[in-house]
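Letters A, B, ... mirror the listed sequences (proteins, then strands); counts begin at 1.
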2 protein chains.
Amino acid sequence: MVRKALLGQLSDLDIRLLRVFRAVVECGGMAAAELELNIGRSTISRHVKDLETRLGLTLCHRGRGGFALTAEGQAVYDATLRLVAALDGFRSDVDDLHRRLTGTLVLALFDKTVSNPASHLHDALGAFHDAAPDAAIEMHVHGINTIERGVLDNQFQVGIIPAHRPSSALDYLPLFGEHMDLYVAPGHPLFATGESDNDDEAIRRHAYAGLGYHSPNMEKSHAMRLRRQATAYDQEAVAILVRSGRYLGYLPDHYARAFVERGQMRRIDNPRFQYDVEFAAIVRHAPKPSRMVQTFLDSLVKAHPQAVMPG
Amino acid sequence: MVRKALLGQLSDLDIRLLRVFRAVVECGGMAAAELELNIGRSTISRHVKDLETRLGLTLCHRGRGGFALTAEGQAVYDATLRLVAALDGFRSDVDDLHRRLTGTLVLALFDKTVSNPASHLHDALGAFHDAAPDAAIEMHVHGINTIERGVLDNQFQVGIIPAHRPSSALDYLPLFGEHMDLYVAPGHPLFATGESDNDDEAIRRHAYAGLGYHSPNMEKSHAMRLRRQATAYDQEAVAILVRSGRYLGYLPDHYARAFVERGQMRRIDNPRFQYDVEFAAIVRHAPKPSRMVQTFLDSLVKAHPQAVMPG
DNA sequence: TGCTAAGTTTCATATTTATGAAACATTTGA
DNA sequence: TCAAATGTTTCATAAATATGAAACTTAGCA
């Protein structure tokens, strides 16, 4: 039976075709997929056609009239996502093997910490290098959720994030603090004068730009009932939104200082609207960190003597 | 970085190498894997070598001295099993799509039912064909566990098995009965005379050949405290064991009749040791069967009017 | 010590796959 | 109605992959 013979060939060679198909679906057509895949439309067309032949299914209707998945195409697309996830899982497993073998420290940290005077991360890395000169270091910058997920998934061995809602699957190591204040920029009604800084209701009246994921930023803005009208997923984006003169927003003092010195931002001097963040290193609770990772954690602690060890 | 470039290529082409590697591991070396893979040892050697190069890992030690996985090799082997399972899952999904699309009835049944006069399965299939002439039929014969698992996994749409321990994930449709008796063959001490058939202890004194998986056979033999000294996984194997003249064993009367008529077996005439089995069609509880499958189930019911519908 | 078994490496060949160019088909929108 | 956009098919070429044969290496066993 021809179908079975063709299906028998599936999986060793057709994954590339499946990846092409997935790109076509996600781009909504072959023309757009050309940019994504960086191969010609005729090649893409042939790959999708070949995949249809191999699977014995019509996956989509496409042409000048537009692109639409068939019901079978949708099912194959869904199955492809699961398969690609498994492939990524395999790759991740092998990556992890390598890290364990080659002694690579994989670190993910939150953005905009380099300018924080309380952060001695650079000292910790220096000490770690002295302790383990042969170890390689891989450093990533991501948002809080990505870092947490990545630590849990073994993509990162250590994460450094502003501590917020804790998870029992993670261990936290407090490191340094960060002071957060509300800022405004020229063009904002509150910029010109400081008289209303102490007027809580006046502050609440204005549009606020805040982070769109769970974080100390979100917690505080909810607590202070600030009216979020712009959502950002990066502090750089918050800074840009503040700079627009239409929003107030929280920024770390050390980060905002450069803007203040240039007259590009002004701090809202109201102690009720300020908050402090504690940055912590996170590792998976189980399995316990390797010796190399523990060496780095020790370096972190030594570099931040003021931090309070948790109970 | 070379490693990343190579790893980037992983998964579209290397799966065949991973399959080869898996076969080598499971065969305990390349020589034995030749038979399994049906390719030459030099090709196998090169594939494993290529895989090691691509992954940047030494997977095994092999040669005249023997075969042994490294720790990394074991991890890659484990990861490969997960990957292959995902590939099989994909294929299974596509297969299921096909069945839904082409109107294929996929049926799995227990062996040795064709000779049972109470079974009107052939009539049901005829009626089904009349009702759905374009539907294709795929028929499998397996043991009870395989059928149950296959129905749950969507490999089979309908299973027909002797009902035993029920599962809430399955719906049961009683169809027909089967009478089971103990049999012995020439050469067995109980074959020559029937006087001791009614002597329960005499029967228990003899070695018994029974099925090695949960089934009415296992339930009854446990209840009657028969001493199982040979384990089979198919009734044909039980028949062979009985024919050896060393064991008594349960067989369906309709199946054993041919042997009895040839003087090759004798029934143990003891009502306490007899039992009846009820065959039932099983389908997954959810999702509900398709119209085509329901059509077949209706045909089954019409073909077995004596069966009792469950409460 | 020498033979055998298991595995490695190189060479040559065949097959498969990928790709862009060019020409064509269909549908939509101006 | 015609041009443009999207996709299809064929051709020619290049690259990648798979394979067995042959020669070689290493280790174990008689």
- Query: Which distance, rounded to the nearest 0.5 Å, do you find between the CE of B:Met30 and the CZ of B:Phe21?
  - Reply: 9.5 Å
- Task: Give a yes or no on whether the backbone of B:Ser42 and the side-chain of B:Ser45 come within a donor-acceptor separation of less than 3.5 Å.
- Result: no
- Task: Measure from CD on A:Glu34 to P on D:dA5 and round the result to the nearest Å.
- Result: 13 Å
- Message: I need the CG-P distance between B:Leu18 and D:dT17, as an integer number of Å.
- Response: 14 Å
- Query: Where the side chain of B:His140 meets the backbone of B:Gly159, is there a donor-acceptor pair that is under 3.5 Å apart?
  - Reply: no
- Query: Is the backbone N or O of A:Asp88 less than 3.5 Å from a side-chain atom of A:Ser92, with the two atoms forming a donor-acceptor pair by type?
  - Reply: no
- Task: Using the six-membered ring wherever Trp is involved, compare the ring planes of A:Phe296 and A:Phe128 and label them parallel, tilted or perpendicular (cut-offs 30° and 60°).
- Result: perpendicular
- Message: What is the distance, to the nearest angstrom, from the CG atom on B:Leu51 to the P atom on C:dG7?
- Response: 16 Å
- Note on the structure: B/S/- along nucleotides 25-30 of chain C (protein heavy atoms under 4.0 Å) is -BBB--
- Task: Under the side-chain contact (heavy atoms from CB on, under 4.5 Å) rule, what do A:Leu87 and A:Arg19 come out as? Steps first, then yes or no, please.
- Result: CA-CA 11 Å; A:Leu87 290 164; A:Arg19 286 190 194 275; 3.8 Å; yes
- Write down the distance between CD1 (B:Ile44) and P (C:dT8), rounded to a whole number of angstrom. 10 Å
- Query: C:dG7 P sits how many Å from B:Leu59 CG, rounded?
  - Reply: 15 Å
- Roughly how far, to the nearest 0.5 Å, is CZ of B:Arg82 from CZ of A:Phe90? 9.0 Å
- So CZ of B:Phe156 and CZ of B:Arg149: to nearest 0.5 Å the spacing works out to 9.5 Å
- Under the 3.5 angstrom rule, does the side chain of B:Arg284 hit a backbone N or O of B:Leu152 as a donor-acceptor pair? yes
Nucleotides 19-21 of chain D: which of its N/O atoms have a protein N/O under 3.5 Å away?
from   : atom 1 : to      : atom 2 : distance (Å)
D:dT19 : OP1    : B:Arg16 : NH2    : 2.9
D:dT19 : OP2    : B:His47 : NE2    : 3.0
D:dG20 : OP2    : B:Gly40 : N      : 2.9
D:dG20 : OP2    : B:Thr43 : OG1    : 2.9
D:dG20 : O6     : B:Arg46 : NH1    : 2.9
D:dG20 : O6     : B:Arg46 : NH2    : 3.3

- Does B:Gln157 use its side chain to pair, donor to acceptor, with the backbone of B:Val106 at less than 3.5 Å? yes
- Message: Looking at B:Lys49, I'd like to know whether one of its side-chain N or O atoms comes within less than 4.0 Å of OP1 or OP2 on C:dT8.
- Response: no
- Message: Rounded to the nearest 0.5 Å, what separates atom CZ in B:Arg54 from atom CG in B:Asp14?
- Response: 4.0 Å
- Atom NE2 of B:His61 to atom C1' of D:dA27: distance rounded to whole Å? 15 Å
- Looking at five pairs on each end of the helix from C:dT1-D:dA30 to C:dA30-D:dT1, what is the angle between the two axes, given to 10 degrees? 20°
- What is the distance from CG of A:Asp50 to C1' of C:dT16, rounded to the nearest Å? 12 Å
